[in-house]
Amino acid sequence: MLETLQNLYLGFSIALSPTVLIYAFAGCVIGTLVGILPGVGPLAGISLLLPASFGLEATTAIVLLAGIYYGAMYGGSTTSILMRIPGEAASVMTCIDGYAMTRKGRAGAALAIAAVGSYIAGTASVVGLMLLAPPLASFALRFGPPEYVALLLLGLLALAYMSGGSVPKSLAMALLGLLLGMIGIDPMTGYFRFHYGLVELGDGIGVVPVAVGLFGVSEILLSAGQPTPPAVMKPMLRDLLPSRQEWRDSAWPIGRGTVLGFLIGIIPGSAHIISSFVSYAVERRLSKHPEQFGQGAVAGVAGPESANNSATSGAFVPMLALGVPSGPIPAVMLAAMMVHGISPGPLLITQQPELFWGFIASMYVGNVVLLVLNLPLVGVFVNLLRIPYPFLYPAILVFSVVGVYAVNGSVVDVGIMAVMGAVGYLLRKFEFETAPIVLGLVLAPMLEMSLRQSLALSSGSYAVFVQRPIAATMLLLGAALLLLSLRPLLTTGLDWRRSLGIKQEPSLEERGDP
Amino acid sequence: MITRLLATMLMLSLALPLAAGAQEPFPARPISLVAPFPPGGVADLMARPVAAAMEKVLKSPVVVVNKTGAAGAVGMSFVANSKPDGYTLLMALSSISIIPEADKLFDRKPAYTMDQLTPIALISADPTIFVVRADRPWKSVKEFVDDAKKRPEQISYSSSGVYGTLHMAMEMLSHAAGITLKHVPYAGAGPALTAILGGHVDALASGPAVVLPHIKAGKLRPLAGWGAKRVAALPDLPTFKELGYDIEFYIWAGMFAPTGTPEPILRKLRDTVRQAVQEPDFKAAMSKLETPIAYMDAPEFQKFWDKDAKMLADAIKRVGKIEEKK
């Protein structure tokens, strides 16, 4: 413990040195801007700016890149809440209740809760990273393909709690998402599937263009189709801050989201995306008022936002402790280290204590910077809503196109976004929810890959899923959760969806849910 | 009067470069060097120092553009189909020879053909090395091969993807040694490394720089290298050739231009790269990446490429289409 404190002192002496501090600040600012631009998420931001870090000293470069990374995670929530445009896949869940809060005039509160939740999650997970990195990293590496399958199946269970409407409809949407996820090169045989001659479809359909299309573009189309333009918001100063009740409703979701996100984040791979979906499902399951979810429940913003921020720090655990490229973003950061002649590996912490502890300390500093930066900006952002719609919406559309194009420099992606915007418009007209499509699309390629890897490893035997303790435990947990969620349906025939059906707006409730 | 004079001068200055046309010394505007993989990948990490060194030589900007997708096919076909004027160049890896072969195998319309690209220079060639987990029993290639013969399809290896470079390297070994291993493809070299470190597979073919720290930390054990010469950082590691297997495999990075680029421009580019690889900054950058510079000028590189492409084509044909096992 004493040693940790000494190391931390060393870290802070580096992180608070003027150069490093300036770059940490610059990283947070750039990251926030990158996050605000629709479509450009942390991976795109960090990749675009990686070359700029080559000229810097190693620790400074890593601190800058990390700042961009968590800055973008913060910034991603802003457009989700204000305009229903997810900056990246992890913000999809924030769109639902965050935007609903905006429509109710609580945009400021939603932004403030997201910022504070992210701050708490960010800071708490750095503590976790600092104290637990080496033992946790070795544990995380034991997550092989079979464990991944079990984890993703657990993620799929989140579906049951994602939508407020009819269950068959949301299952249909999830299936559509899973089917979209089948497009691209078959990872085990190299066959192209459903590519229609487009080389760009070889990698499959990106989550970002789909999410921006389904959420953002469809919202613009729906608003444009209304007979009377939506009233322009006139946010008041007192509306900017969350009420006492909103704070109280967010406290536990932030705590749970932090732990959940960190645990999912340390697992190598891209599973951190599902942390916000799972957190949303957990909050809805535990909430006393599940019917408020989708209508602007503050817990639906606090939980997922905290989860996706602590997953960010979680992802650094295997990277720093073992030098393992545990996901796309850590892989880019490892490349940045190699450019500076640092070999990332299990000996990094002992051989490069300045880098490791400087990095840890800079994350504490960075989280404070982001909070200080973002809270006053809440007022500025909320005032964007004062812009009349004839000016605001075309501008959003332009930024969406630019953002989605910038990720891969691909016109095909822009096309996908446009098609998904139209599809999303139709689906929402028919009262289908679009979030399950995104979850399906996120899960399908990962689930397929790890399922087939597991079977390749076991030479085709499904027993591999029950023979391995971690996988078996998770599958058991999943089965238990599934049974629990079925219980109210079986015993009383009463589900929270029913009470939701009564409370919904009449315009949405023409079907008359039985 | 003065305004009109200024306007005329402005117009002249705008018109001049257009009028000069072909006589204009190359390059008259920035050159873009396309890396078909994302920032931080091998192609990108090679392209950036080369571009920086070329800028110094040419005194004109050389910009690295990442055009990614479909295992590099998007970026490579982009350059292959670009205007052959020397302003769009490609930094490709060994996989440039794999994609057209795989397309052929599946009767697909090829994204590009190799004769659409003309080599300029080879920049680096890193021999892959063969590593196994340190807690597995094999201490030498012989022990590994003997065990694999006893237990066909039991010993597993991870790769960067089906028909990827790391898969091809292992396929060459399996073929030369007459063994069958269990192949578990991953989405990229990073996840493949994570898989062996996590103990989910037994073996891996990899570039030396990435696995060196894990070898030093005692997590992985190198058994042999695919190069013609031993790897400088691992002087005790034998090559497969020394052990009697006639296989050679490199992950190389080379620069290409679209075929049809005028000869004088190609010559200028070749001269530029020759000088660029001598720049001290370039050498320093490459040594930090622990990647040996293996410069070859176009004629030599063409021969190297032809040989390498043939070897890969044979390996792909041997693998054939992967059918689902029933």
Measuring heavy-atom distances to chain A, does [X] have an atom under 4.5 Å in its side chain, in its backbone, in both, or in neither?
| X | value |
| --- | --- |
| Ser156(B) | side chain |
| Glu290(B) | side chain |
| Ala73(B) | both |

Subject >> Derivation of the side-chain contact (heavy atoms from CB on, under 4.5 Å) call for Glu153(B) and Ser459(A) >> reply: CA-CA 9 Å; Glu153(B) 285 205 49; Ser459(A) 305; over 6 Å; no
Original post:
Is the backbone of Leu141(A) close enough, under 3.5 Å, to the side chain of His200(B) for a donor and an acceptor to pair up by distance?
Top reply: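 The answer is yes, because a donor-acceptor pair under 3.5 Å joins these two groups.
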Original post:
Does any non-hydrogen side-chain atom of Leu45(B) lie less than 4.5 Å from one of Phe54(A)?
Top reply: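 Contact flag for Phe54(A)/Leu45(B) side chains = yes.
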**OP:** Mark yes when over 12 heavy atoms from residues, nucleotides or ligands other than Arg142(A) sit less than 6.0 Å from its CZ; otherwise mark no.
**Re:**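 Incorrect, the count does not exceed 12.
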Original post:
Are there more than 12 heavy atoms of other residues, nucleotides or ligands under 6.0 Å from atom CZ of Phe106(B)?
Top reply: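 More than 12 within 6.0 Å, yes.
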Subject >> Nearest-0.5 Å distance that lies between atom CD1 in Ile185(A) and atom OH in Tyr163(B) >> reply: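 Those atoms lie 11.5 Å apart.
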Given heavy-atom pairs under 4.5 angstrom as the criterion, report whether the side chain, backbone, both or neither of [X] touches chain B.
| X | result |
| --- | --- |
| Leu455(A) | neither |
| Pro268(A) | side chain |
| Met449(A) | side chain |
| Leu457(A) | both |

Subject >> Heavy-atom pair with the smallest gap, counting every atom of Val339(A) and Lys288(B) >> reply: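 Minimum heavy-atom separation between Val339(A) and Lys288(B): O-CD, 3.3 Å.
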Original post:
Which atom names give the shortest non-hydrogen contact between Gln453(A) and Val184(B), and what distance separates them?
Top reply: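 Of all heavy-atom pairs spanning Gln453(A) and Val184(B), the closest is CG-CG1, 3.7 Å.
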**OP:** Heavy-atom pairs under 4.5 Å with chain A are the metric here; pick the option from Lys67(B), His183(B), Arg108(B) that has the most.
**Re:**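 It is Arg108(B).
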Subject >> Partner chain B: residue of Gly144(A), Ser138(A), Pro330(A) with the largest heavy-atom pair count (under 4.5 Å) >> reply: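 Going by pairs under 4.5 Å, I would pick Gly144(A).
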Original post:
So which of Pro51(A), Gly345(A), Pro187(A) has the largest heavy-atom pair count under 4.5 angstrom toward chain B?
Top reply: Pro51(A)
Original post:
Please, which pairs that meet salt bridge (Lys or Arg N to Asp or Glu O under 4.0 Å) have at least one residue in residues 198-211 of chain B, sequence neighbours excluded?
Top reply: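 Listed once each, the pairs are Arg136(B)-Asp202(B).
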Original post:
Which residue pairs pass the salt bridge (Lys or Arg N to Asp or Glu O under 4.0 Å) test when at least one of the two sits in residues 43-53 of chain A, sequence neighbours left out?
Top reply: none
**OP:** Could you tell me which residues in residues 213-220 of chain B have at least one non-hydrogen atom under 4.5 Å from a non-hydrogen atom of chain A, sorted by residue number?
**Re:**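 Checking residues 213-220 of chain B against chain A gives Pro213(B), His214(B), Ala217(B), Lys219(B).
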Subject >> Counterpart residues, side-chain hydrogen bond (donor to acceptor under 3.5 Å, both in side chains), relative to Asn66(B) (two or more places apart) >> reply: Asp44(B), Arg48(B)
